[in-house]
Number of protein chains: 2
Amino acid sequence: MPAIPTPTPDTQQAIRRRNLARVLRTVAAQGPLSRAAVAGRIGLTRAGVAPLVEELLRAGLLVETGRAAPSGRGRPGSELAVSAHGPAGLGAEIGVDHLAVCAVDLRGRVRARVAADAANRQSEPGPVLRRLSALLAEVIARIGAEGLRPAGLAVAVPGLVARGSTTVVHAPNLGWRAADLAPGLVSVAAPGHILDGLPLTVENEANLGALAELRLGGDGAELPGPPPDFVHVSAEVGIGAAVVVDGRLLRGARGFAGELGHVPVYPDGRRCECGGRGCLELYAGEQAVLRAGGITPEGAAAHPGPGARAALLARRAADGDAATVRALGEAGTALGIALAGAVNLLDPQAVVLGGALAELAPWVLPSLERELALRTAVAADPSRGGGPRVAVSRLGADGPLLGAAHAALQAVLDDPLDFRAPAHSPRG
Amino acid sequence: MPAIPTPTPDTQQAIRRRNLARVLRTVAAQGPLSRAAVAGRIGLTRAGVAPLVEELLRAGLLVETGRAAPSGRGRPGSELAVSAHGPAGLGAEIGVDHLAVCAVDLRGRVRARVAADAANRQSEPGPVLRRLSALLAEVIARIGAEGLRPAGLAVAVPGLVARGSTTVVHAPNLGWRAADLAPGLVSVAAPGHILDGLPLTVENEANLGALAELRLGGDGAELPGPPPDFVHVSAEVGIGAAVVVDGRLLRGARGFAGELGHVPVYPDGRRCECGGRGCLELYAGEQAVLRAGGITPEGAAAHPGPGARAALLARRAADGDAATVRALGEAGTALGIALAGAVNLLDPQAVVLGGALAELAPWVLPSLERELALRTAVAADPSRGGGPRVAVSRLGADGPLLGAAHAALQAVLDDPLDFRAPAHSPRG
Ligand SMILES: [Zn+2]
Ligand SMILES: [Zn+2]
């Protein structure tokens with residue numbers, strides 16, 4: 001007997017919720033639109049769309065622009081747009097040496113952003129989360145003053161997060177193991193606290209960087225839209241990757257997918273902290289490149305803060321420092337070998353370099369692309385000149401933070417009626 | 001403006017087609033069932049299910065068993081089962097040294113199977129496809145005599161197939177490049193030919209092996225059901241893999257995903273035919289293992305046919321031949337390194353060894369598991385003892401052929417009304 005998965009039902013209520021989401025997403029992606037245009041784009045009648053629109057207007061998710069819809073037929077009506085004063089997605093980032101929080105509205109605009117340097121390496125979660133809560137309170141107060149309410153919070157962390165949980169299983173550079181972030185963010189939260197009842201997501205930073213790429217990426221020319229199948233590689237202190245397939249993140253069975261940093265590149269090479277040998281991070285991680293570039297730990301420590309060491313490397317390479325140029329070239333070779341494995345396995349449309357790699361691309365790309373082309377020839381598409389396209393992200397270091405804010409908003413777009421006003425309005 | 005995908009509509013017709021598929025799949029997976037039980041399992045009313053059942057009975061996809069349904073309420077009715085005389089999925093396999101065809105009915109039973117040795121290495125597609133057509137005609141005649149009609153044909157090939165096409169882009173061991181198999185299978189087909197109008201799918205053999213694993217795999221104890229996330233590795237002449245995520249094949253942008261054989265393992269190693277260096281196939285492919293095991297090309301040629309060389313290696317290893325045992329151990333090491341990369345990247349629930357690897361598992365597994373555990377520790381789940389589970393397929397060399405037949409039947413399960421009687425009934 002074949003094991004055929006048993007389907008779930010299409011209840012009337014499920015269809016209605018899905019149609020609400022369709023209306024909201026269509027206006028978010030293509031608005032302002034008339035009711036008739038919305039109906040046409042989602043394949044419903046105008047009569048079918050009308051009550052859905054009313055419900056979304058009542059929930060404060062859609063607004064009438066006041067501008068008359070161009071169509072002359074039927075009852076004249078104003079065009080519809082998503083609200084600039086409705087829900088906001090809160091994104092937060094816990095970096096090894098910084099914290100950041102931002103808020104994005106349904107129109108995709110960043111409405112508030114705060115950041116602070118921090119010394120989070122080998123830290124305890126408690127104090128870090130208390131500082132983060134203070135930044136969150138500041139952002140919530142600012143957007144509250146503009147009539148926006150938080151719809152959810154997503155936190156980007158440089159580590160493995162158990163799928164569907166708020167627990168950081170292992171973040172080597174923070175020194176965190178089995179740390180559930182929910183109590184730390186909500187313990188400061190007695191009932192009535194700003195974060196009380198807010199949906200909370202914790203996610204690997206590379207995954208959120210890829211999500212940002214998917215939503216906001218594309219460079220107009222080479223990347224007319226975000227490609228639905230790509231591997232996103234980002235390097236900050238560690239190296240992470242995210243795999244996007246058919247426009248969706250591939251998370252893995254436990255949520256640990258994308259550990260490109262520990263893919264074996266030179267299997268008989270040096271021992272890695274992870275227990276393996278010759279992992280990519282030993283050749284292309286920040287510490288490895290700084291060391292190979294002749295920068296001492298003390299020299300590196302003189303450049304704290306997000307992106308500071310990448311900027312230092314870029315400056316030295318631009319100045320023609322031979323050791324730095326060679327170190328970045330060797331990092332590109334190692335990246336190319338690891339990515340060749342990924343490309344042979346996944347056949348993505350593109351490889352996108354984000355984070356610090358975007359800034360260092362001029363020195364990393366040549367050797368990376370050489371290895372990749374050499375080692376993916378069996379699957380090379382002659383019509384494309386062989387090998388997959390390698391693109392450089394325009395979002396740079398802000399990717400994970402923006403991706404977090406968009407992820408927090410996604411729940412509203414997926415199920416608009418789940419967006420409820422918080423029990424208490426923000427104070428401060 | 002965020003790039004939010006615009007949704008497609010839920011028309012009444014689309015819902016009805018989906019519900020027909022749900023009824024058919026539910027009965028296929030769990031039948032025989034009463035109408036009330038079907039309704040309950042898919043969340044529809046009995047009145048909603050009745051016309052769907054009637055339509056599937058008329059189409060010959062469902063039958064009444066004649067046994068009264070146990071429920072005493074309402075109009076008594078016979079239980080429903082999928083037909084053993086309805087559509088059959090035809091699976092075909094083009095191997096380097098064999099051809100095979102089988103037919104599977106909706107109940108998942110193999111109703112006919114024929115195979116033949118063949119010398120397809122560096123062949124021309126034309127003669128190979130003519131031989132295959134003869135085998136197909138034989139199987140179609142046999143199942144026709146039992147009242148089954150072919151619903152579709154899927155062909156497994158050891159090479160890259162362009163996604164959604166019938167074109168083999170590159171099958172190195174057959175020597176085929178840019179070969180569209182449709183004309184060759186249908187050119188023998190004037191209108192009225194047995195294959196005329198039959199939906200044709202061409203697919204990489206490793207993908208179909210994984211599909212078979214998904215449908216038929218599991219060993220009852222360790223694998224209670226098919227895991228929805230796994231990497232399936234099979235070795236015949238070459239090494240292929242398939243990635244299954246959430247129960248679905250990951251095909252890649254062009255359909256070329258799963259090229260594990262050309263993942264770099266020792267990046268400074270020997271040059272590979274693909275243009276790369278140190279690819280997995282150079283250490284764990286059939287030729288490499290035979291050579292390292294001290295078996296000459298002439299000695300290998302004395303063992304033609306599917307599985308014959310794997311059987312030779314297994315026999316020598318079981319007899320304690322040191323060179324063979326060492327060669328298989330080194331193949332396991334190389335497989336473990338390549339799979340460590342895959343596991344770090346994809347975080348699957350399991351790695352499944354199929355094809356010849358299943359038979360050689362006793363000698364390949366120890367070194368494979370050692371490398372995998374060593375190199376995936378960062379993502380190891382302590383509750384599972386670290387590292388992903390490695391399972392050995394019970395389907396062995398028959399996986400791709402069975403997977404092909406099930407794939408050919410899948411279209412009927414997905415959209416039952418697409419199954420139409422052929423213009424001409426089979427003859428012979
Ligand atoms: Zn490592
Ligand atoms: Zn190769």
Side-chain angles (χ1 to χ4, degrees), chain A residues 1-7 9-11 15 18 22 25-26 28-30 41-44 107-108 160 170 215-216 225-226 229 243 245 247 250 252-254 256-260 262-267 274-276 337 340-342 344-349 374-375 377-379 381 406 413, chain B residues 1-7 9-11 15 18 22 25-26 28-30 41-44 107-108 160 170 215-216 225-226 229 243 245 247 250 252-254 256-260 262-267 274-276 337 340-342 344-349 374-375 377-379 381 406 413:
Chain A
M1 182 64 57
I4 299 163
T6 306
D10 253 351
T11 62
I15 293 171
R18 208 156 53 217
R22 282 176 174 151
R25 279 197 216 162
T26 300
Q30 304 173 16
R41 281 169 214 217
I42 65 173
L44 289 176
R107 297 183 182 180
L160 301 172
H170 190 198
R215 287 287 148 65
L216 310 165
D229 292 271
V243 178
V245 177
L250 186 157
R254 296 163 300 168
F256 299 172
E259 276 296 296
L260 191 73
H262 298 281
V263 164
V265 167
Y266 301 111
C274 78
I337 293 168
N344 273 301
L345 209 58
L346 301 172
D347 183 28
Q349 277 180 288
L374 180 76
R375 297 176 187 280
V378 70
D381 183 346
H406 280 275
L413 290 164
Chain B
M1 184 60 60
I4 298 164
T6 307
D10 252 351
T11 62
I15 293 172
R18 208 156 54 217
R22 284 178 172 149
R25 278 197 216 160
T26 300
Q30 303 173 17
R41 281 171 212 215
I42 66 174
L44 290 175
R107 298 185 180 179
L160 300 172
H170 190 197
R215 287 286 149 65
L216 310 167
D229 292 270
V243 178
V245 177
L250 186 157
R254 297 163 299 167
F256 298 173
E259 277 296 298
L260 190 74
H262 299 280
V263 165
V265 168
Y266 300 110
C274 78
I337 293 168
N344 273 299
L345 210 59
L346 301 171
D347 182 28
Q349 279 180 286
L374 180 76
R375 296 175 187 281
V378 71
D381 182 345
H406 280 275
L413 290 164

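To find a chain, count down the sequence lines: A is the first, B the second, and so on, and within it residues start at 1.
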At their closest point, which heavy atom of [X] faces which heavy atom of [Y], and how far apart are they?
X        : Y        : answer
B:Pro267 : A:Val265 : CG-O, 3.0 Å
A:Asn344 : B:His262 : ND2-O, 3.1 Å
B:Val263 : A:Gly341 : CG2-O, 3.8 Å
A:Pro348 : B:Ala253 : C-CB, 4.0 Å

Practice problem: Heavy atoms only, distances under 4.5 angstrom: which of B:Leu345, B:Leu374, B:Val245, B:Leu260 has the most pairs with chain A? Name it, please. | Solution: B:Leu345

Quiz prompt | chain B contacts, top residue of A:Gly276, A:Ala340, A:Gly252 (heavy-atom pairs, under 4.5 Å) | solution = A:Gly252

Quiz item: Measuring heavy-atom distances to chain B, does A:Ile337 have an atom under 4.5 Å in its side chain, in its backbone, in both, or in neither?
Solution: both

